[in-house]
4 protein chains.
Amino acid sequence: VTGTVSSEIRVRYAETDKMGVAHHASYLAWFEVGRVELLRALGMSYRDLEDSGVFFPVLEVGCRFRRPAYFDDRLQISAGAERPGRARLRFRYRVTRVTDGTLVAEGWTTHASTDAHGRPGRLPAKVLRRLEESAGIGRGEGEAT
Amino acid sequence: VTGTVSSEIRVRYAETDKMGVAHHASYLAWFEVGRVELLRALGMSYRDLEDSGVFFPVLEVGCRFRRPAYFDDRLQISAGAERPGRARLRFRYRVTRVTDGTLVAEGWTTHASTDAHGRPGRLPAKVLRRLEESAGIGRGEGEAT
Amino acid sequence: VTGTVSSEIRVRYAETDKMGVAHHASYLAWFEVGRVELLRALGMSYRDLEDSGVFFPVLEVGCRFRRPAYFDDRLQISAGAERPGRARLRFRYRVTRVTDGTLVAEGWTTHASTDAHGRPGRLPAKVLRRLEESAGIGRGEGEAT
Amino acid sequence: VTGTVSSEIRVRYAETDKMGVAHHASYLAWFEVGRVELLRALGMSYRDLEDSGVFFPVLEVGCRFRRPAYFDDRLQISAGAERPGRARLRFRYRVTRVTDGTLVAEGWTTHASTDAHGRPGRLPAKVLRRLEESAGIGRGEGEAT
């Protein structure tokens with residue numbers, strides 16, 4: 001799989017707030033859904049990664065909220081990997097309303113690669129290679145990577 | 001400490017929903033706050049209990065929502081222990097609005113006592129004794145306990 | 001549609017807790033997903049209902065947690081309506097792990113029917129009729145309903 | 001009140017995840033707590049602001065997670081306002097562990113000022129003036145503001 005991978009969610013009632021829209025913290029849970037599905041599409045279960053002792057704790061997050069999302073909206077979460085460092089990962093996300101294509105939000109996260117005790121570790125070679133492949137084409141580069 | 005122990009929280013914006021009130025799932029997090037503070041008042045840190053291998057997973061929960069709670073409301077969470085079984089715990093909760101004394105909700109939870117792998121275990125004797133003491137007087141019984 | 005309606009969700013990372021399982025409050029959000037999908041299957045969008053001034057605030061909830069659910073588990077949420085009163089609704093839920101059929105949790109909620117200001121109101125006739133139809137057969141009764 | 005305003009929270013069990021630490025989305029709810037308490041310290045109840053038709057929806061958020069926060073940790077949330085634009089607000093946050101002073105996270109949010117329907121509006125003069133006063137000194141500037 002190359003480029004971005006899309007998942008679809010529906011805004012839950014519990015995710016709304018008294019402004020009548022999806023609360024901004026909900027987007028971080030949706031990014032996470034997108035990231036997990038991206039990894040799955042790349043042949044990696046994040047659950048299995050953790051079971052094997054590889055953890056990707058979040059180091060940084062940024063998000064721009066473009067338009068509100070409403071209860072029961074169907075949202076497409078697109079997630080893509082950037083070219084990873086040895087022990088750093090970076091993912092990008094776009095949230096789009098399915099029914100009208102409105103861009104709802106966009107954001108990114110960076111992650112360390114650690115063991116179960118939070119100690120930094122190298123990315124497993126297989127993970128590194130698959131993310132590189134995905135990122136290379138995801139960024140629209142034409143060179144053989 | 002005997003009887004119930006009270007904690008105070010303020011309803012967070014993130015805890016509201018599009019009905020303009022605190023979402024009903026928020027109450028379970030508040031009960032949990034009340035339970036942790038009750039244990040602390042009884043001389044037991046739940047964090048330390050888990051660190052020592054004693055876990056209290058929730059088996060059942062019940063809650064009646066009496067009146068809505070609103071963003072920024074100050075709420076008092078009263079938690080009390082019932083007399084524990086060997087490997088069963090039961091707590092009761094009342095949520096009251098501080099400013100006017102309105103009963104907002106009441107509920108209860110039952111818990112197993114397990115090890116870190118979810119295997120049932122006996123309650124440590126110290127925990128059992130303190131919960132029994134608290135429960136005995138909490139239930140308004142007059143006998144010496 | 002009669003009887004129960006099933007939805008499928010995957011346990012999100014954000015829904016887990018330090019015990020390594022889905023936090024018990026997550027189930028209330030899942031019940032809500034199941035309820036919304038049940039209404040949709042019965043031809044009613046809960047979003048549209050609220051837009052038309054009909055709200056179903058939760059009055060009571062009960063849940064038994066049978067087995068833990070883990071991150072990335074696929075869960076089936078089955079929701080069914082009970083025969084409604086004039087201004088009272090009651091739904092039942094079962095949460096089952098898709099891969100092995102394990103019963104993870106079961107629960108119920110009761111709801112008032114109110115206007116946007118929380119004032120009790122009658123259930124709209126259409127809603128009442130559809131819930132009655134669904135409940136009649138959902139409860140396995142043999143009589144013509 | 002000038003400069004930053006501090007609030008204290010305790011990490012709730014419901015806020016942890018299977019990595020054994022506070023989930024990163026929890027920080028946005030804590031920032032919100034800090035922002036509400038900052039406004040309160042400046043003489044403005046955000047609840048009253050919303051009741052009077054002034055809303056501050058989040059436009060952007062950024063956060064760097066420096067060290068994990070654990071269940072039951074006492075955290076200090078420091079929030080400060082930056083000098084506001086006519087219809088833009090920006091707040092900064094630092095999250096510090098109370099017991100050892102560790103910097104856990106830092107972040108910021110930007111907000112629009114809107115009416116109840118999400119239409120952009122000017123900041124009320126009183127709000128503007130108080131945020132300017134707070135920001136001026138909060139940024140350590142020596143000039144009379």
Q. Where does Ala25(A) contact chain B at under 4.5 Å (heavy atoms): side chain, backbone, both or neither?
A. neither
**Q.** Main-chain N/O of Asp17(B) paired with Thr16(A) side-chain donor or acceptor, under 3.5 Å
**A.** no
Please check if atom [atom1] in [X] has more than 12 non-hydrogen atoms from other residues, nucleotides or ligands closer than 6.0 Å.
| X | atom1 | value |
| --- | --- | --- |
| Arg97(B) | CZ | yes |
| Arg10(A) | CZ | yes |
| Arg47(B) | CZ | yes |
| Arg90(A) | CZ | yes |

Q) Would a 4.5 Å heavy-atom cut-off, applied to side chains only, mark Tyr70(B) and Lys18(A) as touching? A) no
Q | Atom pair NE2/NE2 of His23(B) and His23(A) - distance to nearest 0.5 Å | A | 13.5 Å
